[in-house]
Novice: 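Below is one structure. I have some questions about it.
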Protein chains: 2
Amino acid sequence: MAQSPKILNAHPYLRQTLELVSDKWVTAIIYVLSQGTKRYGELHREIGEVSQRMLTRTLRDLERDGLVRREVYSTNPPTVEYSLTSLGETLVEPLRLLCQWSIEHFQEVETARKSKDNHR
Amino acid sequence: MAQSPKILNAHPYLRQTLELVSDKWVTAIIYVLSQGTKRYGELHREIGEVSQRMLTRTLRDLERDGLVRREVYSTNPPTVEYSLTSLGETLVEPLRLLCQWSIEHFQEVETARKSKDNHR
DNA sequence: CCGGATCCTATCTGATACTG
DNA sequence: CAGTATCAGATAGGATCCGG
């Protein structure tokens, strides 16, 4: 009764990691920042569809998680630069592997979807 | 005006892949199924906290995406077995890399969170 | 045993307007 | 330029009941 496998519990951080990575904007931000330091406005333009609210909120989360560094320069108008921390850099490689999978295999997913949809 | 980098658009499948993978239960199911064929009830017990509704819904999605195979045996009571397709198997490795990251680095995320929380 | 259908709530997210 | 505040709509997820 007290015994149940619950495999994911063997990797207590995995679900938390997947939740972190699975955020709608996290990967977009990490990808853009993997190319170098960016100002707030640059991030906004390069990601494109994101709202100010969500961009700011996600950046704050990433900063809190130690993945992104935020530096404010008291110029006028203000300048704020964002960059990956060394911890943030370690996430780039795993993400690129998922990216690789998406290039190699996602078309098969699309094909499967269409095929199934035609059978209804 | 018509020009904006939008880096993620260079990998049109990446966001879709991340959305697929980021589903709350998808990775749990793939992990359990990576150990072999399971019946519905086994999946339910091993994942544990998932509701019937969500387990069924997620399995249907994964079937539609061609990642999971569903086989029904007209016994009484009915038997339904789930397993990974070969396409589904290809996702196990990328997921294990994220798992690896979580083991190696997630504690740093926790530390960062605590450190930041103390400073407020 | 497997899972469809319905109802309901919490959360997430965008739109909009305003500020140092 | 780089945000904050507020509001409202969409959506995800759980609980529950019912059926083959």
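Residue numbers begin at 1 in each chain, while the letters A, B, ... track the order of the sequences. Since we're looking at a predicted model, the values are computed, not measured.
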Novice: Rounded to the nearest Å, what distance is computed from the CG atom of residue A:Asn76 to the P atom of nucleotide D:dG3?
Specialist: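 Whole-Å distance recorded here is 15 Å.
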Novice: Nearest whole angstrom, please: distance from the C1' of C:dT9 to the CE of B:Met54.
Specialist: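 That distance rounds to 13 Å.
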Novice: side-chain hydrogen bond (donor to acceptor under 3.5 Å, both in side chains), that's the test. Do A:Thr56 and A:Tyr40 meet it? Break it down for me.
Specialist: CA-CA 9 Å; A:Thr56 301; A:Tyr40 182 87; 3.0 Å; yes
Novice: Return the value, rounded to whole Å, for the distance between atom NZ of A:Lys24 and atom P of C:dT11.
Specialist: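 Rounded to whole Å, this separation is 19 Å.
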Novice: Given side-chain hydrogen bond (donor to acceptor under 3.5 Å, both in side chains), test A:Tyr13 with B:Glu110 step by step and report yes or no.
Specialist: CA-CA 10 Å; A:Tyr13 290 147; B:Glu110 275 199 325; 3.0 Å; yes
Novice: Can you measure A:Arg57 atom CZ to D:dA2 atom C1' for me and round it to whole angstrom units?
Specialist: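 One finds 18 Å between C1' of D:dA2 and CZ of A:Arg57, rounded.
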Novice: Which atom names give the shortest non-hydrogen contact between A:Val68 and A:Leu84, and what distance separates them?
Specialist: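 Closest approach of A:Val68 to A:Leu84, heavy atoms only: CG2-CD2, 4.1 Å.
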Novice: Round to a whole Å and report the spacing from CD of B:Glu49 to P of D:dA15.
Specialist: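 So the two atoms are 12 Å apart, to the nearest Å.
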Novice: For the pair made of CD1 in A:Ile47 and P in D:dA2, what is the distance, rounded to whole Å?
Specialist: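 Taking CD1 of A:Ile47 and P of D:dA2, I get 14 Å after rounding.
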Novice: Could you check how far CG of A:Asp23 sits from P of C:dG14, rounded to whole Å?
Specialist: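 Spelled out: CG on A:Asp23 to P on C:dG14 is 10 Å.
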Novice: Look for any protein N or O under 3.5 Å of an N or O in nucleotides 1-3 of chain C and output each such pair with its distance, or none.
Specialist:
unit_1, atom_1, unit_2, atom_2, d
C:dC1, O3', B:Arg39, NH2, 3.3
C:dC2, OP1, B:Arg39, NE, 3.3
C:dC2, OP1, B:Arg39, NH2, 3.4
C:dC2, OP2, B:Gly41, N, 3.0
C:dG3, OP1, B:Arg70, NE, 2.9
C:dG3, OP1, B:Arg70, NH2, 2.5
C:dG3, OP1, B:Tyr82, OH, 3.0
C:dG3, OP2, B:Tyr82, OH, 3.0
C:dG3, N7, B:Gln52, OE1, 3.2
C:dG3, N7, B:Gln52, NE2, 3.1

Novice: So does B:Glu42 pair up with B:Arg45, basic N to acidic O under 4.0 Å?
Specialist: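 No.
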Novice: Taking NZ, NE, NH1 and NH2 as the nitrogens, is one of them in B:Lys38 or B:Glu46 under 4.0 Å from a carboxylate oxygen of the other?
Specialist: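 A salt bridge is present here (some side-chain N lies under 4.0 Å from a carboxylate O).
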Novice: Given atom CZ of A:Arg53 and atom P of C:dC12, what is their separation to the nearest angstrom?
Specialist: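 So the two atoms are 10 Å apart, to the nearest Å.
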Novice: With a 4.5 Å cut-off on side-chain heavy atoms, are B:Tyr82 and B:Thr37 touching?
Specialist: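 The answer is no; the side chains never approach within 4.5 Å.
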